[in-house]
Amino acid sequence: MDVNTSQRFIERGSHKGKGLAVFTSGGDSQGMNAAVRSVVRMGIYLGCKVYFIREGYQGMVDGGDNIEEANWSSVSSIIHKGGTIIGSARCMDFIKREGRLKAAYNLVTRGITNLVVIGGDGSLTGANLFRQEWSSLLDELLENNKITKDQREKYKHLHIAGMVGSIDNDFCGTDMTIGTDSALHRIIEAIDAIASTAYSHQRTFIMEVMGRHCGNYSEIEAEDFSKSKKKTLQGFDEIDVEFDPITFNRLVMQQDIVKEIPESILETETASALSVLIYLALVTALSCDADYVFVPESPPSIDWKDKFCATACCSYLALVAALACEADQVFIPEDPVPNNWVEKLCKRLQQERKSGQRLNIIIMAEGAIDREGKPITSELVKNVVVDNLKQDTRITVLGHVQRGGSPSAFDRILGCRMGAEAVMALMEATPDTEPCVVSLDGNQAVRLPLMECVRRTKAVAQAMADKQWDLAVQLRGRSFARNLETYKMLTRLKPPKGAFDETGRGVFANAAEESYRAGKLDKLAVRLYFYRGVQLRFCTRY
Ligand SMILES: Nc1ncnc2c1ncn2[C@@H]1O[C@H](COP(=O)(O)OP(=O)(O)O)[C@@H](O)[C@H]1O
Ligand SMILES: O=P(O)(O)OC[C@H]1O[C@](O)(COP(=O)(O)O)[C@@H](O)[C@@H]1O
């Protein structure tokens with residue numbers, strides 16, 4: 001499209017008469033209001049008739065006052081508010097065709113054929129299914145004399161654009177989901193606050209942050225519910241809802257699903273909800289100098305508990321002490337091997353205390369598991385620390401605080417940009433255009449095929465279910481992998497072989513300086529080298 005065409009296209013009123021609706025679905029997140037506002041105003045600007053659909057898919061199915069025309073001022077003064085002013089819900093009715101038929105009727109009778117869905121992968125999957133079925137739903141409505149032939153013809157194409165609203169940053173295809181940045185702010189503020197009291201009492205704190213995924217849940221078809229079909233998910237067969245207290249805790253976290261899924265499915269399918277997404281835990285650990293982070297994509301070995309307090313080797317504590325506290329001594333540790341993580345953590349905790357550190361922070365994603373896929377709960381880690389290290393230990397579950405409060409500037413802007421792009425995508429759509437999800441790629445808003453992203457997102461869950469941890473990390477994307485690598489890098493005690501020059505000075509420090517001056521390195525690499533260099537310089541004093 002040349003400049004003139006594109007300018008004409010976004011001309012005020014250039015899409016007069018089109019019916020467009022926006023709704024929020026699944027878990028709410030900060031920044032959703034900014035996105036809603038942007039959709040409404042962009043739509044109105046282009047001449048569309050814009051509707052709110054309240055309470056997610058439930059409002060679409062129920063119709064009535066839940067579908068309400070919006071105007072310019074209905075989205076005034078909402079950009080700074082957390083949550084979503086139009087409500088969000090998880091809706092079992094929409095999982096069934098019967099529910100989707102009602103939803104189609106409610107849209108057609110209002111002339112709505114453009115939908116902006118703001119939610120997670122489940123909501124986007126539902127929207128895609130809805131679009132696939134649209135034609136047959138309209139046929140059924142016509143057959144039942146619910147709509148006229150004219151309506152059937154006029155509204156025969158449904159267009160879908162998605163935006164990912166979730167604090168979990170768990171959607172493949174976008175660098176940041178709407179809400180993640182704000183949630184991180186909450187977590188970091190909370191950890192900073194905890195650190196002061198932890199310091200006073202010389203305590204270890206286990207901070208549990210949100211981050212879970214139930215991608216396979218979205219794949220449950222309506223038929224599965226009616227037939228109570230028994231399914232087995234590889235790797236989770238041993239999970240017992242009733243008798244295993246650890247597993248029970250996990251399922252409690254999924255209580256919205258537990259409530260609604262028949263017992264027979266609950267016992268098998270819900271297990272898949274244990275596939276956990278860890279962005280918040282990982283990045284928080286990185287930002288807060290946490291002593292350890294439990295993450296499902298890269299879980300510890302199965303015997304983590306036994307090894308937790310068994311030996312005397314520690315790397316992270318020493319590194320953090322050296323970097324953050326200007327420690328006088330730096331240890332040259334062994335490269336961490338996955339099966340030794342418990343040992344290392346134990347050593348770290350002990351070593352930090354020995355070297356004068358007054359507190360420890362352990363961060364856990366709420367769905368952390370070990371390499372066998374078994375959950376590791378905050379309670380379990382606490383017991384291990386208390387029983388074996390005798391450290392005064394507390395658990396803080398940050399819970400929904402993370403999803404509350406005002407959105408950060410980043411999330412407000414992100415919502416605005418994504419919303420405008422979603423409307424543009426709908427206006428440009430042709431009958432053959434696939435549903436898209438508006439994503440952030442670097443600093444660019446891009447449109448990606450919705451189902452491809454959903455497929456990739458679900459592949460992460462599958463990789464974890466298959467215990468393919470490297471693959472799970474890789475599927476989460478480059479930036480996730482880099483964050484994990486950075487975290488591991490900065491928690492190493494021992495620099496790689498060849499890190500010293502003949503004078504004992506870190507060669508990485510030299511290399512970084514030279515390369516940075518020559519413009520050969522990116523910021524991250526320089527920072528990593530810098531940290532290694534600092535560490536090595538400390539060594540040279542001995
Ligand atoms: N496979 C599906 N078919 C139809 N609707 C679905 C499907 N998966 C999810 N949904 C709808 O989307 C809602 C939100 O999905 P959920 O997975 O709970 O949250 P999120 O969108 O945050 O991932 C569900 O309550 C349901 O109404
Ligand atoms: O608010 P609920 O229903 O207790 O759900 C809690 C879950 O929602 C989330 O905040 C977001 O999950 P979704 O984006 O998948 O909806 C998770 O991090 C958390 O585990």
Side-chain angles (χ1 to χ4, degrees), residues 23-32 53 55-62 82-84 88-103 117-133 160 162-171 177-180 182-184 186-187 208-225 249-261 269-270 272-281 296 364-368 397-404 437 450-451 453-454 457-458 461:
F23 65 102
T24 46
S25 172
D28 69 352
S29 64
Q30 306 96 326
M32 279 185 166
I53 300 176
E55 321 307 339
Y57 285 114
Q58 197 62 56
M60 202 189 292
V61 172
D62 295 345
T84 159
S88 186
R90 295 190 171 101
C91 167
M92 293 311 286
D93 289 339
F94 195 79
I95 302 267
K96 301 172 196 151
R97 185 179 160 91
E98 197 189 330
R100 295 193 289 274
L101 189 67
K102 288 185 189 164
V117 46
I118 308 171
D121 68 304
S123 305
L124 299 177
T125 304
N128 189 63
L129 179 63
F130 194 41
R131 181 182 179 268
Q132 285 170 348
E133 286 181 348
I160 306 268
M163 273 181 266
V164 194
S166 172
I167 63 166
D168 289 345
N169 206 30
D170 57 359
F171 193 80
T177 59
I178 299 168
T180 302
S182 308
L184 270 172
R186 296 284 170 283
I187 294 167
E208 187 175 307
V209 303
M210 277 184 166
R212 57 110 161 132
H213 182 242
C214 48
N216 289 323
Y217 155 65
S218 301
E219 287 171 354
I220 304 171
E221 296 298 332
E223 284 69 29
D224 292 339
F225 286 86
N249 282 341
R250 281 288 173 268
L251 291 172
V252 165
M253 291 176 202
Q254 311 290 323
Q255 51 188 286
D256 55 315
I257 299 170
V258 172
K259 264 196 303 210
E260 293 162 331
I261 298 180
E269 290 288 350
T270 320
S272 67
L274 294 174
S275 53
V276 181
L277 297 162
I278 62 161
Y279 180 82
L280 292 180
M364 302 197 59
E366 61 183 353
V397 179
L398 293 179
H400 290 80
V401 164
Q402 296 159 91
R403 268 180 20 200
V437 59
L450 187 152
M451 273 328 281
C453 294
V454 169
T457 302
K458 289 185 192 308

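Predicted, not measured: the structure shown is a model, and the values here were computed from it. Indexing begins at 1, ligand by ligand and atom by atom, following the structure's order.
Each of Asn169, Ile178, Asp121, Leu124 was evaluated against Val164; a single residue qualifies, Leu124, per the side chain to side chain contact (heavy atoms under 4.5 Å, CB included) test.
Remark: ligand 2 and Asp168 share an N or O pair separated by less than 3.5 Å (distance only, no angle test). Polar contact with ligand 1: present for Gly120 (N/O pair, distance under 3.5 Å). Taking any N or O of Ser123, backbone or side chain, at least one lies under 3.5 Å from an N or O belonging to ligand 1. No N or O atom of Ile167 sits closer than 3.5 Å to an N or O atom of ligand 2. The shortest N/O to N/O separation between Thr125 and ligand 1 does not fall below 3.5 Å.
Of the candidates Ser88, Ala103, Ser25, it is Ser25 that places a heavy atom closest to atom 13 (C) of ligand 1. Considering each of Gly162, Gly119, Cys91, Gly56, the one bringing a non-hydrogen atom nearest atom 25 (O) of ligand 1 is Cys91.
Under a 4.0 Å criterion applied to the non-hydrogen atoms of Tyr57, ligand 1 contributes the atoms 11 (C), 12 (O), 27 (O). Heavy-atom proximity to Gly27, at under 4.0 Å, picks out these atoms of ligand 2: 16 (O). Close approach of ligand 2 to Ser166 is summarised as follows: ligand atoms under 4.0 Å from at least one heavy atom of the residue are 14 (O). Residue His400 approaches ligand 2 through these ligand atoms, each under 4.0 Å from one of its heavy atoms: 1 (O), 2 (P), 4 (O).
When non-hydrogen atoms are compared, ligand 1 lies under 4.0 Å from the backbone of Asp121 as well as from its side chain. At a heavy-atom cutoff of 4.0 Å, ligand 1 is contacted by both the backbone and the side chain of Phe94.
Under the 4.0 angstrom criterion for non-hydrogen atoms, Gly27 is in contact with ligand 1.
Across all non-hydrogen atoms, the minimal contact from Cys91 to Ile95 is O-CG1, 3.7 Å. Residues Ile167 and Gly179 approach most closely at CG2-O, 3.7 Å, considering heavy atoms.
Rounded to the nearest 0.5 angstrom, Arg131 CZ and Arg100 CZ are separated by 15.0 Å.
At distances below 3.5 Å, not a single donor-acceptor pair connects side-chain atoms of Ser88 with backbone N or O atoms of Gly27.
The aromatic rings of Tyr57 and Phe94 lie parallel to each other, their planes meeting at an angle below 30°, with 60° marking the opposite boundary.
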